Chemist: 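Here's a structure for you.
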Amino acid sequence: MRSFRWGILGTGKIARRFMQAAFYVPEAQVIAVGSRAQSTADAFGAQFGIPKRYGSYEALLADPEVEIVYVATPHSLHAENALAALQAGKHVLCEKPFTLNALQAEQVIRVARALGKFVMEGMWTRCFPLIREVVRRVQAGELGEVRLVIADFGFRPPFDPNSRLFAPSLGGGALLDVGVYPVSLAFLILGAPAQIVSYAALGATGVDELCSIIFTYPNGAQAILSASLQVETPKQAHLCGTHARIDIPAPWWKPSEAWLTRSDGTREHLLYPYEGDGLQFEIRHVHECIHQGLTESPWMPLDETLAIMRVLDTLRAQWGVRYPGE
Ligand SMILES: NC(=O)c1ccc[n+]([C@@H]2O[C@H](COP(=O)([O-])OP(=O)(O)OC[C@H]3O[C@@H](n4cnc5c(N)ncnc54)[C@H](OP(=O)(O)O)[C@@H]3O)[C@@H](O)[C@H]2O)c1
């Protein structure tokens, strides 16, 4: 495959992990990094051998050599950054959650479609070979009818009211940071829920720190999901069907193995080991999509991203969590 020229917006934790993953994708050329400060861009660029280092996001977007922009900024900036990148003629991989809310997601998707540019929510879980295999098994009917999905993602970061995890102005809260993973898994396996029941404990900054969610579906299936910034949860996923169950051990959102247990007691070990952190699968997928002339990912379609954002909005409305400007 030909090479693809990437530019990165933001120099935080996930931007660093992206650089480490790009190491496993020879056709990924990260040619530029953009930061709010020149010194940060210079340090990041020097550490990872990125030749072009810009002291503003606008300057990176004005670089005609950048083909694909990776938006690695806090949630509250995703829409603004993705729109600017699209309008500058770039393809976009935008970190999860796609935007702060569905209204913003609609806007980004509308602009991307009008301009014929590729855009994808960085729900990297969907790109792992093990998840592709799990989807294949589910679609082949090996589990029978999946009636119950159980998944959680919770951890306990140090409390910092100004950090992006807790600050309302940066889209803080467990749901948007980690809850989006189990919600997206439920969508992947069961589709959009018919009814949503939930509870969230809000913390000192007014954002959700512990969430419990139940989705129900027209066929009677259910999903039981949780997310947390207060406690470490088991970080497992279980897909329970009428003929068999798939158990994905921790950390299920970047899995290398799972167990398929059939009603007759037989078990199969699904094993898909990988090197590094696994973000390389998403990078490769973006390349393949663009190579094929696609403007959206078949694994993370834009209509589904939008439906997920609407569900996140519904959940926050149930809890009374609103961000500044909403
Ligand atoms: N896929 C995954 O596994 C994964 C993991 C973690 C995070 N994420 C997503 O990636 C995004 C970034 O998360 P992160 O953990 O990398 O965050 P982070 O470490 O706080 O980095 C965010 C970066 O955004 C830039 N930024 C621009 N405006 C900012 C502001 N007002 N406050 C703070 N930073 C600002 C900063 O870069 P400059 O100073 O260089 O401009 C900063 O380094 C989030 O949306 C998160 O959900 C995804």
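Just follow the structure's listing: the first ligand is 1, and inside any ligand the first atom is 1. Note that the coordinates shown come from a computational prediction; the quantities given were computed from them, not determined experimentally. Nothing fancy with the numbering, it's 1 onward along the sequence.
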Chemist: Between Phe159 and Phe166, what is the ring plane arrangement, given parallel below 30°, perpendicular above 60°, and tilted in between?
Modeler: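 Plane angle over 60°, so perpendicular.
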Chemist: Out of Gln38, Arg17, Arg16, Arg36, who is nearest to atom 32 (N) of ligand 1 when you count heavy atoms only?
Modeler: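 Nearest heavy atom to atom 32 (N) of ligand 1 lies in Arg36.
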Chemist: Give yes if a backbone or side-chain nitrogen or oxygen of Ala15 is under 3.5 Å from a nitrogen or oxygen of ligand 1, and no if not.
Modeler: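 N/O-N/O distance under 3.5 Å: no.
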Chemist: Just checking Trp124 against Phe281, ring centres under 6.0 Å apart?
Modeler: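 Between Phe281 and Trp124, which both carry aromatic rings, the centre distance is not below 6.0 Å.
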Chemist: Within 45° of the ring axis of Trp299 and under 6.0 Å from its six-membered ring centre, is that where the NZ or CZ of Arg126 lies?
Modeler: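 Judged by the rule, Arg126 and Trp299 form no cation-pi pair.
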Chemist: Among Arg262, Arg137, Arg136, which residue meets the side-chain hydrogen bond (donor to acceptor under 3.5 Å, both in side chains) test with Glu142?
Modeler: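 Passing option: Arg137.
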Chemist: Tell me, which protein residue and heavy-atom name are nearest atom 5 (C) of ligand 1, and how many Å apart are they?
Modeler: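 Result: Ile14 CD1, 3.3 Å.
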Chemist: From the options Thr73, Thr40, Leu77, select the one whose nearest heavy atom is closest to atom 28 (N) of ligand 1.
Modeler: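 Checking each option, the heavy atom nearest atom 28 (N) of ligand 1 is found in Leu77.
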Chemist: Check this for me: does any side-chain nitrogen of one of Glu282 and Lys96 sit under 4.0 Å from a carboxylate oxygen of the other?
Modeler: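 Salt bridge between Glu282 and Lys96, a charged N being under 4.0 Å from a carboxylate O: no.
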Chemist: Identify, for atom 17 (O) of ligand 1, the protein heavy atom at the shortest distance, and state residue, atom and that distance.
Modeler: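 Of the protein heavy atoms, Arg164 NE, 3.0 Å lies nearest.
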Chemist: Does this structure show an ion pair linking Glu65 with Lys52, if we count only N-O contacts that are shorter than 4.0 Å?
Modeler: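 Result for this pair is yes, salt bridge flagged.
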Chemist: Can you name the atoms of ligand 1, numbered from 1 with element, that are less than 4.0 Å from a heavy atom of Asp177?
Modeler: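 Here the atoms of ligand 1 in question are 47 (O).
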Chemist: My understanding is that we take every heavy atom of each candidate and find the minimum distance to atom 23 (C) of ligand 1. Doing that for Ala72, Pro251, Ser169, which one comes out nearest?
Modeler: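 Shortest heavy-atom distance from atom 23 (C) of ligand 1: Ala72.
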Chemist: Could you tell me whether ligand 1 has any atom less than 4.0 Å away from a heavy atom of Pro74?
Modeler: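 The answer is yes: ligand 1 sits under 4.0 Å from a heavy atom of Pro74.
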